[in-house]
Amino acid sequence: MCDQFLGTWKLVSSEKFEDYMKELGVGFAMRKLGSLAKTSVTISAEEDLITIKTESPIKNAEISFKLAQEFEETTTDNRKTKSVVTLDNGSMIHVQKWDNKETTIKREVVDGKMIVECMMKYVVCTRVYERA
């Protein structure tokens, strides 16, 4: 299913995250704090329920979902979204929709690292995580 994603990951690099947060509508102060935060992500699965727990010095968040089933999500920046997560060619694709807006978060494991691409409109942010 999604075994390659399971475990705890620590952020090691981030490009254009502040630009991505600005496109999402995140305020100046939170963008500054968010771009400095070194987050860790823990992905677990129990039967067909997947949980992604994100922890940072600023804010923690946790979502649980079943693949390809829409769920309500409150993001770390307090957006209320309708979200769907699917698997596509080994990548985990997470689509969030709210207020006629949409963003896609693509996670894939490459050479033992989790590469996370956050895309909205013309902004693409790349965050790289290594196993903790």
Side-chain angles (χ1 to χ4, degrees):
M1 186 166 84
C2 61
D3 292 344
Q4 71 270 30
F5 297 101
L6 301 180
T8 299
W9 304 85
K10 298 278 185 194
L11 181 69
V12 293
S13 70
S14 182
E15 294 177 14
K16 298 189 179 179
F17 187 54
E18 190 169 345
D19 294 341
Y20 174 69
M21 289 187 291
K22 185 175 184 179
E23 196 65 41
L24 291 175
V26 176
F28 178 79
M30 279 303 290
R31 287 198 317 264
K32 292 299 179 189
L33 288 171
S35 63
L36 294 173
K38 293 295 184 189
T39 59
S40 69
V41 175
T42 301
I43 301 175
S44 59
E46 188 170 314
E47 295 183 19
D48 60 349
L49 188 69
I50 299 168
T51 299
I52 300 177
K53 187 185 303 185
T54 305
E55 297 178 295
S56 80
I58 300 163
K59 192 166 187 179
N60 299 331
E62 183 174 319
I63 57 172
S64 294
F65 55 89
K66 293 181 179 182
L67 289 173
Q69 290 187 16
E70 185 177 81
F71 62 99
E72 293 184 6
E73 176 180 2
T74 301
T75 64
T76 53
D77 58 322
N78 287 319
R79 286 175 291 121
K80 309 284 189 235
T81 69
K82 299 281 188 184
S83 301
V84 176
V85 180
T86 57
L87 290 179
D88 183 25
N89 292 324
S91 295
M92 185 182 292
I93 310 297
H94 183 169
V95 177
Q96 299 171 331
K97 295 180 181 182
W98 75 103
D99 298 337
N100 295 315
K101 299 176 186 174
E102 181 176 316
T103 185
T104 301
I105 302 163
K106 176 183 174 187
R107 296 173 178 91
E108 59 186 338
V109 177
V110 178
D111 296 329
K113 296 181 181 181
M114 184 169 65
I115 312 300
V116 180
E117 284 185 343
C118 306
M119 299 160 275
M120 184 167 179
K121 296 183 183 175
Y122 304 107
V123 176
V124 178
C125 159
T126 303
R127 293 166 65 83
V128 178
Y129 293 80
E130 291 180 345
R131 290 199 182 271

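Quick caveat: nothing in here was measured; it's all calculated off a predicted structure.
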Q: Taking Leu36 as the starting point, is it possible to reach Val116 by hopping between hydrophobic residues whose side chains are less than 4.5 Å apart?
A: no
Q: Does Lys22 have any side-chain contact (heavy atoms from CB on, under 4.5 Å) partners at least two apart in sequence or in another chain, and if so, which?
A: Arg31
Q: When hydrophobic residues are tied together by side-chain contacts of less than 4.5 Å, even through go-betweens, does Phe17 share a cluster with Val12?
A: no
Q: Of all residues at least two apart in sequence or in a different chain, which pass the side chain to side chain donor-acceptor pair (under 3.5 Å) check with Glu62?
A: none
Q: Under 3.5 Å, side-chain donor or acceptor atoms of residues 97-107 against the rest of the protein: list the pairs with distances, not counting sequence neighbours.
A:
unit_1: Thr103; atom_1: OG1; unit_2: Tyr20; atom_2: OH; d: 2.7
unit_1: Thr103; atom_1: OG1; unit_2: Met119; atom_2: O; d: 2.7
unit_1: Arg107; atom_1: NH1; unit_2: His94; atom_2: ND1; d: 3.4

Q: Please tell me if the side chains of Trp9 and Val109 come closer than 4.5 Å, counting only heavy atoms from C-beta onward.
A: yes
Q: With a 4.5 Å heavy-atom cut-off, do Met114 and Arg131 have their side chains touching?
A: no
Q: Tell me, please, which residues at least two apart from Lys16 pass salt bridge (Lys or Arg N to Asp or Glu O under 4.0 Å).
A: none
Q: If you measure from CD1 on Ile115 to OG on Ser13, what distance do you get to the nearest 0.5 Å?
A: 7.0 Å
Q: OG1/Thr54 to CD1/Ile43 distance, rounded to the nearest 0.5 angstrom?
A: 8.0 Å
Q: Nearest 0.5 Å please: distance from the OG1 atom of Thr74 over to the NZ atom of Lys80.
A: 3.5 Å
Q: Can you give me the closest heavy-atom contact between Asp48 and Lys66, atom names plus distance?
A: O-CG, 3.5 Å
Q: Would Lys10 and Glu130 pass as an ion pair if we require N to O under 4.0 Å?
A: no
Q: State which residues pass side chain to side chain donor-acceptor pair (under 3.5 Å) with Thr8; sequence neighbours excluded, sorted by chain then number.
A: Thr42
Q: Can you name the side chain to side chain donor-acceptor pair (under 3.5 Å) partners of Thr126, sequence neighbours left out?
A: none
Q: For Glu70, does the CD atom have more than 12 heavy-atom neighbours from other residues, nucleotides or ligands under 6.0 Å away?
A: yes
Q: In chain order, what residues pass the salt bridge (Lys or Arg N to Asp or Glu O under 4.0 Å) check against Lys38, with sequence neighbours excluded?
A: none
Q: What residue pairs, at least two apart or across chains, pass ring pair (Phe, Tyr, Trp, His ring centres under 6.0 Å) with a residue in residues 28-55?
A: none
Q: Check Arg127 against Ser14 and note the closest heavy-atom contact, atom names and distance.
A: NH1-OG, 2.9 Å
Q: With the 4.5 Å side-chain cut-off for hydrophobic clustering, are Met30 and Val123 part of the same group?
A: yes
Q: Which residues pass the side chain to side chain donor-acceptor pair (under 3.5 Å) test with Thr75, sequence neighbours left out?
A: Asp77
Q: Members other than Tyr122 in its cluster, when Ile, Leu, Val, Met, Phe, Trp, Tyr link by side-chain heavy atoms under 4.5 Å?
A: none
Q: How many angstroms lie between NZ in Lys121 and CG in Asp19, if you round to the nearest 0.5 Å?
A: 13.5 Å
Q: When you look at Arg79 and Glu73, which way does the salt bridge (charged side-chain N to carboxylate O under 4.0 Å, His left out) test go after all the steps?
A: CA-CA 8 Å; Arg79 286 175 291 121; Glu73 176 180 2; over 6 Å; no
Q: At their closest point, which heavy atom of Thr86 faces which heavy atom of Ala68, and how far apart are they?
A: CG2-CA, 4.0 Å
Q: Say whether, by atom type as modelled, one donor and one acceptor occur between the side chain of Asn60 and the main chain of Ser56 under 3.5 angstrom.
A: yes
Q: Are the side chains of Asn89 and Glu108 in contact, using a 4.5 Å heavy-atom criterion?
A: no
Q: If a pair satisfies ring pair (Phe, Tyr, Trp, His ring centres under 6.0 Å) and one of its residues is in residues 30-55, list it, with sequence neighbours excluded.
A: none
Q: Indicate the atoms forming the closest heavy-atom contact of Tyr129 with Leu11, along with that distance.
A: CD2-N, 3.3 Å
Q: Specify the closest pair of heavy atoms between Ile50 and Cys2, including all atoms of both residues, with the distance to one decimal.
A: CD1-SG, 3.7 Å
Q: Applying a strict under-4.5 Å side-chain criterion to I, L, V, M, F, W and Y, I'd like to know whether Met120 and Val95 cluster together.
A: no
Q: Under a plain distance cut-off of 3.5 Å, with no hydrogens placed, do Gln96 and Thr81 share a side-chain donor-acceptor pair?
A: no
Q: Please list all pairs meeting ring pair (Phe, Tyr, Trp, His ring centres under 6.0 Å) that have one or both residues in residues 38-93, counting only residues at least two apart or in different chains.
A: Phe65-Phe71
Q: Can you get from Ile93 to Leu67 by hopping between Ile, Leu, Val, Met, Phe, Trp and Tyr side chains that sit under 4.5 Å apart?
A: no
Q: Do you know the tightest heavy-atom contact between Leu6 and Ala45?
A: CD2-N, 3.8 Å
Q: Can you tell me how far apart CD (Gln4) and OG (Ser91) are? Round to the nearest 0.5 Å.
A: 8.5 Å
Q: Do Lys59 side-chain atoms and Thr76 backbone N/O form a donor-acceptor pair below 3.5 Å?
A: yes
